[in-house]
Visitor: 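Would you mind keeping the following structure in view while I ask a few things?
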Protein chains: 2
Amino acid sequence: MVEPTRRQAIEDVASELFRERGYAGTSIRDIARALAVQGASLYAHVTSKEDVLWAIVDRAATRFEAAATAAEAAADADRPGDPAEALAALVRAHVDVLTSDVDAAGVFVHEWRALAPEHRQAILDRRDAYEARFRRRIEDGIAVGAFAMTDPGIATSTLLSAVNGVAGWYDPNGRLPAARVADHLVELSIRMIANA
Amino acid sequence: MVEPTRRQAIEDVASELFRERGYAGTSIRDIARALAVQGASLYAHVTSKEDVLWAIVDRAATRFEAAATAAEAAADADRPGDPAEALAALVRAHVDVLTSDVDAAGVFVHEWRALAPEHRQAILDRRDAYEARFRRRIEDGIAVGAFAMTDPGIATSTLLSAVNGVAGWYDPNGRLPAARVADHLVELSIRMIANA
DNA sequence: GTACCTAACTAGCGATCGTTAGGTTACCTC
DNA sequence: GAGGTAACCTAACGATCGCTAGTTAGGTAC
């Protein structure tokens, strides 16, 4: 896979480095070195270091949102009124986005704190809205007796933490294909809140 | 709670800042400012910045290990041969350590990457051994039919990610006392891998 | 009163940080 | 072959980084 634009190549290596060493632990010159270029040369393609972080985080957030929207639409069309099905679709969509670009997703999950205040707040708002989608399905499931009676807030946070853990160990070249990983996570997630 | 020694006060402030902004995102002068002292003054109590991180991480790791040892001993004495009971005790012990010092635990979970190579490797080894305790109980449970048939490695990683998520939202002054949080996490964890 | 200890200070070192400015090279298009 | 453009260069700016050195102030012990 060759990068279409130089800007994209910068964001890709930045994703990798930000994920490995964190935003603050990565210098502009580190990114440049990975591209065999001088640090100052990056500023022909980028306006600031934070701008690179924001681009990565914003894109990842958008991909998570779009995948969740598609998943919910499909689940509601396929088996309307089935909270377990809808939640499973959400989890699968989430894991798919995660595994399709572990670096960017890992940065999204861990490095949003390093964003400038306005960007940081914007991401927090979007993250809240995203989490609310999961919580709504969990609440629905509890209401119809499909899920066990548990604190929906804690269940939602814990479920997403569990799923996001994938970013910590998934290896695109590992033994498990992304689809199998998603299978496992869907299974564990649903069972976590299911009514025994 | 007043710090007994100046060194302890430094580590406590550092835990808070490292957790909020990360190790690389926190300067020696930041820590000193929080203590109303000049940056250089810290070096009377500390040999290096990394030494502070290592002290925090090492202590947290030791507390997790000790709590797990005690929990396993109690569970094995109380109800030997019951994997669900042993795993529940491990999870409860883990959450207890987590909530008793969210800052230090959060640093342990997220900032071990910033350690110097030798320290980093040492923590990785200990973390592997720690995770193996959980995996062993999960494998035992699968063997006796108490837990569902799932990949023990993925189940262990996902379970610990779920539980560690507590470090992201637990508030010592919040509505939920630590014991209730532990109850919820034990419930969710066991159900996640239990045989329905 | 002298010696020691703890805890802080000021001053500054060399390195690295994000970023700017201005100039050079290679290639594409007309 | 002139003009345009994308990509990169060198040099350097002011700020901040982790850390060292040397000193001062106040308390305690002999």
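Nothing here was measured: the structure is a model prediction, and the numbers come from that model.
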Visitor: Assess A:Arg127 against A:Trp112: is NZ or CZ under 6.0 Å from the centre of the six-membered ring, and within 45 degrees of the ring's axis?
Guide: yes

Visitor: B:Arg6 CZ to C:dC9 C1': how many Å, rounded?
Guide: 14 Å

Visitor: For residues 146-167 of chain B, which residue pairs qualify under salt bridge (Lys or Arg N to Asp or Glu O under 4.0 Å), counting only residues two or more places apart or in two chains?
Guide: A:Arg175-B:Asp151

Visitor: Given 3.5 Å as the limit, does a donor-acceptor pair link the side chain of B:Ser41 with the main chain of B:Val37, or not?
Guide: no

Visitor: From CG of B:Leu53 over to P of D:dG18, roughly how many Å is that when rounded to an integer?
Guide: 13 Å

Visitor: Does the distance from a Lys or Arg side-chain N to an Asp or Glu carboxylate O, for B:Arg137 and B:Asp82, drop under 4.0 Å?
Guide: no

Visitor: Rounded off to whole Å, could you give me the CD-to-P distance for the A:Gln8 and D:dA7 pair?
Guide: 13 Å

Visitor: Take the protein atom CG of A:Leu35 and the nucleotide atom P of D:dC9, then report the distance between them rounded to whole Å.
Guide: 10 Å

Visitor: Could you encode protein contacts along nucleotides 14-21 of chain C as a string, one character per nucleotide from 5' to 3', using B for base contact, S for sugar-phosphate-only contact and - for no contact, with a heavy-atom cut-off of under 4.0 Å?
Guide: ---BBBB-

Visitor: Donor-acceptor pairs under 3.5 angstrom involving side-chain atoms of residues 188-196 of chain A: please list them, not counting sequence neighbours.
Guide:
residue	atom	partner	partner atom	Å
A:Ser189	OG	A:Leu185	O	2.7
A:Arg191	NE	B:Met192	O	2.9
A:Arg191	NH1	A:Glu187	OE2	3.1
A:Arg191	NH2	A:Glu187	OE2	3.4
A:Arg191	NH2	B:Met192	O	3.3
A:Asn195	ND2	A:Gly145	O	3.2

Visitor: Any side-chain N or O of A:Arg7 below 4.0 angstrom from OP1/OP2 of D:dA7?
Guide: no

Visitor: At under 4.0 Å, does any side-chain N or O of A:His45 touch on OP1 or OP2 of D:dC8?
Guide: yes

Visitor: In whole angstrom, what separates B:Gln38's CD from D:dC17's P?
Guide: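 These atoms are roughly 13 Å apart.
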
Visitor: Side chains of A:His110 and A:Tyr23 only: does a donor on one sit below 3.5 Å from an acceptor on the other?
Guide: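 Side chains of A:His110 and A:Tyr23: no pair found under 3.5 Å.
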
